[in-house]
2 protein chains.
Amino acid sequence: MRRAKLHSGIQVLVVDDNYEHAAGIRGIASLDGGFDVIGTASNADVCLNMVKKYHPDVILMDINMPDTDGITLLQKIKKIDTNVRVIALTGYDDADLIYRVMKEGARGYVLKTMASALLIQAIIDVSDGKIFLPSVIAAKFFDYFQKSQEDEKSYVNSEDNLLNYLTQREEEVLELLTEGISYKEVATRLFISDTTVKTHVNNIFQKLQVSDKTQAVLYAINNGLLNKTRVNRTKIAV
Amino acid sequence: MRRAKLHSGIQVLVVDDNYEHAAGIRGIASLDGGFDVIGTASNADVCLNMVKKYHPDVILMDINMPDTDGITLLQKIKKIDTNVRVIALTGYDDADLIYRVMKEGARGYVLKTMASALLIQAIIDVSDGKIFLPSVIAAKFFDYFQKSQEDEKSYVNSEDNLLNYLTQREEEVLELLTEGISYKEVATRLFISDTTVKTHVNNIFQKLQVSDKTQAVLYAINNGLLNKTRVNRTKIAV
DNA sequence: AATTATCTAAACCGAAAGGTTTAGAAATCG
DNA sequence: CGATTTCTAAACCTTTCGGTTTAGATAATT
C-alpha cells in the first residue's frame with residue numbers, strides 16, 4: 001500500500017484500556033494511515049512512561065476509561081511534555097466533556113463511531129498544528145463556551161447586584177479594600193480622614209448586607225467590582 | 001435567478017459605517033444569496049433601533065468601525081435581543097479579537113477577503129443555529145482559548161505559590177476564612193479553640209507573607225485555593 | 001533515642017475593625 | 001426654597017484581629 005509510507009514520519013501513541021479497541025485504532029493509524037505507531041498503552045502509568053521515553057507526536061487517547069480519569073491523565077501528560085498533541089477519542093459527544101478536554105489542551109476530539117478516514121485526517125491535521133473538531137462537536141463547544149460566558153455576565157450584571165446601590169465614593173473605598181489595605185491606608189489614598197473611611201465602610205456593609213471587611217471584599221470580587229488581578233492576567237497573555 | 005427565492009425567509013441586517021462596503025455586502029446577501037435584507041445601518045444608534053423594530057434573524061456586522069466599538073455594539077445588541085445571531089465581519093484575523101467577539105456571543109466570524117459564497121454559507125449555517133468559523137479562524141480561537149487556560153494554570157500551579165507551604169490544617173483554616181467568617185466561627189467549625197485558630201492564622205500570615213485576614217483570603221483566591229463560588233457557578237451552568 | 005513537624009492551647013497587649021450617633025457642607029431634586 | 005443625597009468628620013465604646021511567647025501531645029523522620 002503506497003499510503004503506508006505517506007505519514008511514516010509521524011509517531012503515534014494509542015491509549016485505550018480495552019485491548020481490542022486499542023488494536024483497532026492501532027490498525028487504522030498504522031495500516032490505513034501509515035503512521036508510526038510506537039505503542040499502545042492500556043493504563044495511565046504505561047502511558048506516562050511511554051510519553052517520557054518516546055515523546056510521540058500525537059497521542060490517540062480514549063477519554064472514557066473506567067479505571068482512569070481521562071482528564072487527569074491528560075493533565076499529567078501535559079506536565080511531562082507540553083508539546084505533545086492529544087486527540088481525545090470517545091463514544092459520545094458531551095458538551096461539558098468536550099469543553100473540559102479542550103480546556104486541558106487536547107487538539108482534537110473524535111467520536112469512535114466516525115469513519116476511519118476522519119481519524120486519519122485528524123492525526124494529519126493535529127500533527128500539522130491544526131485543531132481537529134468535527135463541525136457538530138465544534139458547535140457544541142461554542143455553545144458551551146458562550147453559555148458559560150453568558151452565565152458569568154448575567155451573574156455580574158444581575159438586578160440584585162447590591163454593588164449597584166453603592167455611591168461612587170463607596171465604590172472607590174471598596175475597590176481599595178479589595179487590594180487588601182487598611183482603613184488608614186484607604187484614607188491616605190483618598191485624602192480623607194480615617195473616620196470618614198469608617199463611615200463609608202459602615203454604609204457599604206449595610207448596603208451589601210455583610211458584617212466585615214473580608215466579606216465585603218469577597219462580595220465585590222464575586223459580583224464584578226473589577227477583579228483586576230484576573231482580568232489583567234488574561235489580557236496580558238495575548 | 002432561482003436562488004434568490006431559496007433563502008427569502010431569513011431576515012438580514014447589514015451594519016457597516018462605510019456605505020460602499022455596506023452596499024457590497026447587501027448585494028451579496030440579497031442578490032447572490034437571496035436573503036431578505038431588511039436594511040443597512042451605518043452607525044450604532046441606527047443599528048440598535050432596527051434591531052428593536054425588526055428583530056432580524058442574522059446581523060452582518062463590521063467589527064472594525066472607527067467611530068464605534070464593535071464589541072460594545074455587540075453587547076448592546078445582545079441586551080436588546082438575546083436570540084439574534086451576529087456574524088462578525090472584519091478585514092483581518094486577530095486571535096484576540098476573534099476570542100472576544102465569540103465570547104460576546106457572535107455566531108460567526110468572516111473575513112471580508114473571503115469569497116462571497118462563504119458569506120452566504122455563513123448566513124445559512126448561522127441562521128440554522130450552527131457556528132460558522134473558517135478552520136483557520138477556528139484554529140486561532142482554540143490556540144487563544146487554550147493559551148488563556150494554560151496561563152490560568154501556570155499561575156496557580158507555579159513553584160512559588162506560597163499556598164503549597166501550608167499544612168493541611170492551615171489550608172482548612174484558610175479555606176474557611178475565604179467564606180468570610182470570623183476566627184470564632186472557624187474554631188467552632190473545626191472543633192478547636194479560637195486561640196488555636198489564631199495560632200494557625202498567624203502561621204498562615206507568615207507563610208503567605210501577608211499581614212491580615214483579608215490579604216490572606218485574597219492571596220488564596222488569586223492563587224487557586226479553590227474559589228468555590230466561581231467554580232461551582234460554571235459547573236452548575238451545564 | 002532524638003529531632004522535627006504538626007496541632008493544640010493559653011496569656012498578654014496593642015492595634016485595627018465594627019457599631020452607633022451626631023453633624024456640617026455641598027450638591028441635586030422636586 | 002425645602003428636602004434628600006452624598007461626602008465629610010468626630011466621639012464613644014466594644015469586639016475582633018494581629019504579634020508574641022510559651023508549651024504540651026502526637027506523629028513522622030533521621
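These numbers come from the heavy atoms of this one structure, side chains and all, not from hydrogens, waters or symmetry mates. Letters A, B, ... are given to chains in the order of the sequence lines, protein chains preceding strands, and every chain is numbered from 1.
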> Taking CD from A:Glu170 and P from D:dT8, how many angstroms apart are they, rounded to a whole number?
Replying inline: 10 Å
>> Show me the pairs that pass salt bridge (charged side-chain N to carboxylate O under 4.0 Å, His left out) and involve residues 192-219 of chain B, at least two apart or across chains.
In response: A:Asp212-B:Lys213, A:Lys213-B:Asp212, B:Glu170-B:Lys207
>> In whole Å, I'd like the distance from the CD1 atom of A:Ile204 to the P atom of C:dA17.
In response: 13 Å
> What pairs of residues pass the side chain to side chain donor-acceptor pair (under 3.5 Å) test when at least one of them lies in residues 80-92 of chain A, not counting sequence neighbours?
Replying inline: A:His55-A:Asp81, A:Asn64-A:Thr90, A:Asn64-A:Tyr92
> What orientation do A:Tyr144 and A:Tyr99 show, parallel under 30°, tilted 30 to 60°, or perpendicular over 60°?
Replying inline: tilted
>> Under 4.0 Å, heavy atom to any atom of DNA chain C: which of residues 184-196 of chain A qualify?
In response: A:Lys184
>> Closest approach to the side chain of B:Arg169, judged atom by atom: which nucleotide of D:dT16, C:dA16, C:dC7 is it?
In response: C:dC7
> What integer distance in Å separates A:Glu171:CD from D:dC7:C1'?
Replying inline: 15 Å
> Can you name the closest pair of heavy atoms from B:Leu89 and B:Leu60 and give their distance?
Replying inline: CD1-CB, 4.0 Å
> Is there a side-chain polar atom (N or O) of A:His200 under 4.0 Å from OP1 or OP2 of D:dT8?
Replying inline: yes
>> Can you classify the ring geometry of B:Phe145 versus B:Phe142 as parallel (below 30°), tilted (30 to 60°) or perpendicular (above 60°)?
In response: perpendicular
> Could you state the CG-P distance from B:Leu177 to D:dT16, rounded to the nearest angstrom?
Replying inline: 15 Å
> Of all the choices, C:dT8, D:dT6, D:dC17, which nucleotide is nearest to the side chain of A:Thr167 once you look at every atom?
Replying inline: D:dT6
> Whole Å only: how far is the CD atom of B:Glu172 from the P atom of C:dT6?
Replying inline: 14 Å
> So does A:Arg189 pair up with A:Glu179, basic N to acidic O under 4.0 Å?
Replying inline: yes
> Can you tell me how far P of D:dC7 sits from CG of A:Leu174, to the nearest Å?
Replying inline: 13 Å
Polar-atom pairs under 3.5 Å, protein N or O versus N or O of nucleotides 26-30 of chain C: list them with distances, or write none.
none

>> Testing the basics here: between A:Met50 and A:Pro56, what is the closest heavy-atom pair and its distance to 0.1 Å?
In response: O-CD, 4.3 Å
>> Tell me whether A:Phe205 at atom CZ has more than 12 heavy atoms from other residues, nucleotides or ligands lying less than 6.0 Å away.
In response: yes
>> Tell me every residue that passes salt bridge (charged side-chain N to carboxylate O under 4.0 Å, His left out) with B:Arg169, counting only those two or more places apart in sequence or in another chain.
In response: B:Glu172
> Going from CD1 on B:Ile204 to CD on B:Gln215, what distance comes out if it is rounded to the nearest 0.5 angstrom?
Replying inline: 13.5 Å
> Hey, what do you get for OG (A:Ser42) to CG (A:Asp16), rounding to the nearest 0.5 Å?
Replying inline: 9.0 Å
> Whole-Å distance between D:dC17 P and A:Lys213 NZ?
Replying inline: 11 Å
> Reading nucleotides 19-30 of chain D from the 5' end, what letters show protein touch, with B for base, S for backbone sugar-phosphate only, - for no heavy atom under 4.0 Å?
Replying inline: BB----------
> Could you state the CD1-C1' distance from A:Ile181 to C:dA15, rounded to the nearest angstrom?
Replying inline: 17 Å
